[in-house]
Amino acid sequence: QPWAQQGHERIDFDAVYRIKDEGFERSQVMETLGYLTDIHGPRLTNSPNFVKAAEWAMARLTGWGVANVRREAWGPFGRGWSNEKFTANVVAPQPFPLIAFSKAWAPGTNGTVTGDAVMAVIEKDEDFGTFTGTLRGKIVLAAKPPAVEALFTPTARRYTDEDLQGMEAQRIGDARRGGRNFAGLQAFNRRRMEFFAKEGVLAVIEPGTGRNDHGAILVGGPRELRDATAAPQPPQIVVASEHYGRIARTLDRKIPVSIELNVQNRYHDQSLDTFNIVAELPGTDRANE
């Protein structure tokens with residue numbers, strides 16, 4: 001057998017212990033993560049934060065003596081994007097600040113804008129006609145408020161044999177997408193946003209959580225807008241579920257809600273390619289491998 005032909009390689013236990021000691025006693029993991037997350041912040045691909053974090057990482061690797069630190073380009077990926085300012089406040093009937101974030105690659109509001117909130121949930125083709133000509137100057141709530149259930153069950157549990165068999169039989173993607181046509185959902189959502197833009201809405205807001213996310217704020221983005229030639233879409237904002245629900249319930253009571261937004265986003269088109277950072281640990285006796 002190949003293993004027998006290769007013979008037994010001598011294990012350098014001293015080197016193993018030195019590596020373990022370095023990791024347990026002088027680890028740089030938290031320091032490195034702290035600079036990448038706390039100092040450089042979000043690092044959306046091709047954003048200025050992404051580039052600055054990459055430069056820091058290259059300098060760090062070089063300082064550690066790692067060999068041949070370099071960028072390796074790939075692409076095209078598309079244009080970069082960054083958020084430079086974000087404020088979102090309900091101003092009537094009672095003022096309060098919203099916990100909210102801009103979606104990545106969505107446009108900004110071109111200064112401070114104020115508009116009335118309106119519920120406009122479009123789930124099928126027939127719904128487009130319902131809202132045609134009614135949304136100009138509005139801030140659209142584009143989804144029904146999610147039912148965020150109280151979490152009383154343990155976060156960990158033992159699966160039964162039947163549970164495990166069911167998970168094994170489940171097709172990849174079904175758990176998050178319910179087995180539906182994900183590409184079709186993406187295309188329909190793109191049509192919705194292009195429709196809202198044509199109707200002249202000031203912005204679209206959506207809840208940032210699903211039924212089983214326990215109130216977490218999950219922020220994605222219209223990736224198609226990485227292409228500068230894509231059809232226009234409106235500013236898109238993700239709002240914490242408790243605030244989104246409060247707005248929706250107020251509207252249900254036929255009480256007007258006014259929202260003020262100032263979202264300053266910027267696109268970065270200097271390069272449509274992006275890159276990975278690669279470095280080498282050449283070793284000694286096996287450096288040619």
Side-chain angles (χ1 to χ4, degrees), residues 33 35-58 71-89 97-113 115 139-143 182-183 185-210 216-240 244 259-277:
L33 288 176
Y35 268 87
L36 292 176
T37 58
D38 293 336
I39 305 303
H40 291 101
R43 299 170 310 286
L44 188 72
T45 304
N46 267 7
S47 68
N49 286 13
F50 174 84
V51 175
K52 290 178 181 177
E55 292 171 349
W56 179 88
M58 292 179 70
R71 294 185 182 188
E72 287 193 354
W74 64 273
F77 170 81
R79 56 184 179 172
W81 177 96
S82 61
N83 169 252
E84 299 181 346
K85 185 174 184 179
F86 183 93
T87 59
N89 298 278
L98 290 172
I99 301 174
F101 300 89
S102 174
K103 283 190 175 183
W105 290 294
T109 58
N110 194 26
T112 301
V113 297
I139 294 176
V140 168
L141 278 69
F182 188 62
L185 291 175
Q186 286 184 311
F188 187 79
N189 186 63
R190 183 162 56 247
R191 287 178 55 206
R192 283 196 314 142
M193 293 305 165
E194 292 171 4
F195 169 78
F196 288 140
K198 291 178 181 178
E199 291 297 305
V201 307
L202 295 179
V204 173
I205 68 174
E206 297 176 301
T209 186
I217 303 177
L218 308 178
V219 184
R223 296 168 64 88
E224 60 272 11
L225 293 185
R226 296 181 309 187
D227 182 353
T229 65
Q233 295 188 23
Q236 297 169 49
I237 296 166
V238 172
V239 179
Y244 190 91
I259 299 176
E260 178 188 81
L261 301 171
N262 186 355
V263 184
Q264 297 180 20
N265 296 333
R266 184 184 298 273
Y267 294 103
H268 305 276
D269 300 315
Q270 293 87 340
S271 174
L272 299 183
D273 287 335
T274 188
F275 58 87
N276 293 316
I277 300 299

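Bear in mind that the values here come from a model prediction, so they are computed numbers and not experimental data.
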Exercise. Hey, mind stepping through Trp74 and Thr274 against side-chain contact (heavy atoms from CB on, under 4.5 Å) and telling me if it holds?
Worked result: CA-CA 6 Å; Trp74 64 273; Thr274 188; 3.1 Å; yes
Problem set entry | side-chain contact (heavy atoms from CB on, under 4.5 Å) assessment of Phe101 paired with Asn83 | CA-CA 9 Å; Phe101 300 89; Asn83 169 252; over 6 Å; no
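Remark: Asp273 CG is packed, more than 12 non-hydrogen atoms of other residues, nucleotides or ligands lying under 6.0 Å away. Counting heavy-atom neighbours within 6.0 Å of Arg191 CZ, excluding the residue itself, gives a total above 12. The neighbour count for Phe188 CZ, taken as heavy atoms of other residues, nucleotides or ligands under 6.0 Å away, is above 12.
What you find for Ala104 and Leu44 is that their closest heavy atoms are CB-CD2, 3.9 Å. Nearest heavy-atom pair, Ala100 versus Phe86, reported as atom, atom and distance to 0.1 Å: O-CE2, 3.3 Å. In this structure, Pro234 and Ala106 approach most closely via the heavy-atom pair O-CB, 4.3 Å. Looking at every heavy atom in both residues, Ser82 comes nearest to His268 through OG-NE2, 2.8 Å. Taking all atoms of both residues into account, the shortest heavy-atom contact from Gly78 to Asn46 is O-ND2, 2.8 Å. Closest of all the heavy-atom pairs between Pro42 and Ser47 is O-OG, 4.5 Å.
Taken from CH2 in Trp81 to CG in Leu225, the straight-line distance is 11.0 Å, to the nearest 0.5 Å. If you take OH on Tyr244 and CG on Leu98, they are separated by 11.5 Å, rounding to the nearest 0.5 Å. Between the CD1 atom in Ile39 and the NZ atom in Lys52 there is a gap of 12.5 Å [rounded to 0.5 Å]. The line from CD of Gln186 to CZ of Arg223 is 8.5 Å long, rounded to the nearest 0.5 Å. Residue Leu261 holds its CG atom at 4.0 Å from CD1 of Ile139, rounded to the nearest 0.5 Å. Rounded to the nearest 0.5 angstrom, Arg71 CZ and Glu55 CD are separated by 6.0 Å.
Between Trp105 and Phe77, the angle of the ring planes lies from 30° to 60°, which puts this pair in the tilted group.
Here the side chains of Leu272 and Arg79 are in contact, with some heavy-atom distance below 4.5 Å. By the 4.5 Å heavy-atom criterion applied to side chains, Pro107 and Tyr267 are counted as neighbours. Counting heavy atoms from C-beta on, the side chains of Leu202 and Ile259 never come closer than 4.5 Å. With a 4.5 Å cut-off on side-chain heavy atoms, Leu36 and Arg43 count as touching.
Considering Arg192, Gln233, Lys103, Met193 in turn, Met193 is the only one that fulfils the side chain to side chain contact (heavy atoms under 4.5 Å, CB included) rule with Val204. When each of Asn262, Val263, Asn265 is checked for a side chain to side chain contact (heavy atoms under 4.5 Å, CB included) with Lys85, only Asn262 meets the rule.
Between Phe50 and Phe275, the ring center distance clears the sub-6.0 Å criterion.
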